[in-house]
Amino acid sequence: MKVWVCATCGNHSATDAACLICADERQWVPRTGQRWTTLAELAGEGHGPDVRPLEPGLTGIGTTPAFAIGQRSVLVQTVSGNLLWDPSGYIDPAAVDAARSLGGVRYVTASHPHFYGSMGMWQREFDATVLVPEADASWLTALGVVTSFTPWSSRLEVLPGVTLVQCGGHFPGSAVVHCASAASGAGALLSGDTIMVTPGEDRATFSWSVPNLLPMSAAPVRGVWEAVRSLPFDRVYGGWWNRVLYSDAKGIVERSVERYLEHLRGEAAPPSALCQRFASLSHYCGHDSRNNNHRGPSLRTFFRKLLTVGGAAAAAGGLVLSTTAPALADTTDVYVQKAYLGKSGCNVYLTAVEGHNYASLMYNNVHAGVTCYAQLERSTNHGKTWSRVSGYDAIGSRAGTTTLAKTYSYYAGGGDEVRGCLTVKGGTSCTTAVALSGGSGVPAQEALSPSYLHEVAADGACQEAVVSTSATKSSTATGSAVFLNQSSGHTCVGWLERTKNNGKTWYVESGTHSAGSVSGATTYAITATYQDGSSYKVRACVRYSNTSAKHCTAGW
Ligand SMILES: [Zn+2]
Ligand SMILES: [Zn+2]
């Protein structure tokens, strides 16, 4: 078969009519017109293979001097056979011998049509199976150099631990290869330009057309991330020798996606170092107008109020506290505080869910040296007599730390009245009573553990905090995320993240939870509790429901 090689994109073609790859808006044709060459011509110009081991099981096979788009292919070697990825347009007997000495080629495939290169010749040399995403198969057929191929879509484990993953974006079938055992078992992606590693090898970007500098829009960028986010990987080999994210690649890709989307939305503030250095940038560096609702107490103020001895003002809302991992995961409730009492360093808060028939009691102690007792009481005769329905529980003082609260939830029929009572040093005080509504309730949750506040942050009206059931870090410490929404127009979505490498990489640990806006009320939500090793950290993150930019506390 006579094969023409496009001098611009390196693809092989059965005809020397216009190169259909280069005629597409994502590529380009030289001003002087389409130019074809041949493998013999290229060999005569001094091109040859450039074979370099990348790491055990992965060998790069490029061309020197580089040719056309200049990608370096990767031979993925396994005991069950090898996969050749993104073959260069240049192939010669030395390149074939090199591949043969490494175990040959059982499968050949590419990230997308720009990198089909010499795929047809590799197929013939090794009787290899050509794999092409169904969505892009018509490009390969039109080039006319591959005799047969196997279409695939979504995901395909080609060889044990070697999985093709369709990501879309640059082309509908744009793909990556996941190599599970690469990067010393942490996993690696071969990304071509599906995920484009940048020249500094410290971030990634996304492009609908690389040479014509046309951006990828938001939805396909999110689609690329969604396609790979469930895969473990610490390394990304881009399509060229010097385009590699050697470690923390997954964190880098995630952060790069967020940053890219911020730029698309026009919300990319300069990095904070620049903000500190140049006062003139301040209007870019503050919160933007979408977060313009700053009314009401901050979460820190709220927790501070919980700590205020005999505080005069009512705290702004209630709080559901967690027990052990992963209790109360996916709990999202609207609490409205109905009454408050402070006495001698002990405070009690009664909260009730509007439209529901249960109430919670929460109390804290900031007094050094005094133990408080609290209980939830119920009346079924409009307050003539009261009976204790919760435990009678002590909460000791912890000087210098935040002894937040202990809660009980009480489930009662509509019309029942409840109140919280506090006993300290022989005296007892109770909150005003709340009459519960009818409606669906939740079961009682008694004897919950005290919680401690650690990290607090806010992104406008969305505020987030990390609380835990222990005051200090330990191998059995737990972390929970709590969210507060004081916006009247947006829902805050929050979740808990953890890191195992001191913040280099963060993983989403919980589900996402919404704290909706409720006129006249303060909305709380809480995530799963995470059992945290002493060397790990957790953080709480939020975003507004109408954006995808996230904001997190510091790690604890
Ligand atoms: Zn071309
Ligand atoms: Zn491309």
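All values reported here derive from a predicted model rather than from experimental measurement. These numbers come from the heavy atoms of this one structure, side chains and all, not from hydrogens, waters or symmetry mates. Every number for a ligand or one of its atoms is a count from 1 in the order of the listing.
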| Pair Glu25-Ser209, side-chain donor/acceptor within less than 3.5 Å | no
| query | Side chains of Thr63 and Ser88: do they bring a donor and an acceptor to under 3.5 Å? | reply | yes
| query | At the Zn ion (ligand 2), what angle lies between atom ND1 of His114 and atom NE2 of His112, rounded to 10 degrees? | reply | 90°
| Is there a side-chain contact between Glu497 and Val508 (heavy atoms, below 4.5 Å)? | yes
| said: If I take the Zn ion (ligand 1) as the centre, what angle separates the SG atom of Cys22 from the SG atom of Cys6? Nearest 10 degrees is fine. | reply: 100°
| request: Answer with yes or no after comparing the ring centroid distance for Trp240 and Phe115 against a 6.0 Å cut-off, counting only values under it. | output: yes
| message | I'd like the atom name of the N/O/S atom in Asp193 lying closest to the Zn ion (ligand 2). | response | OD2
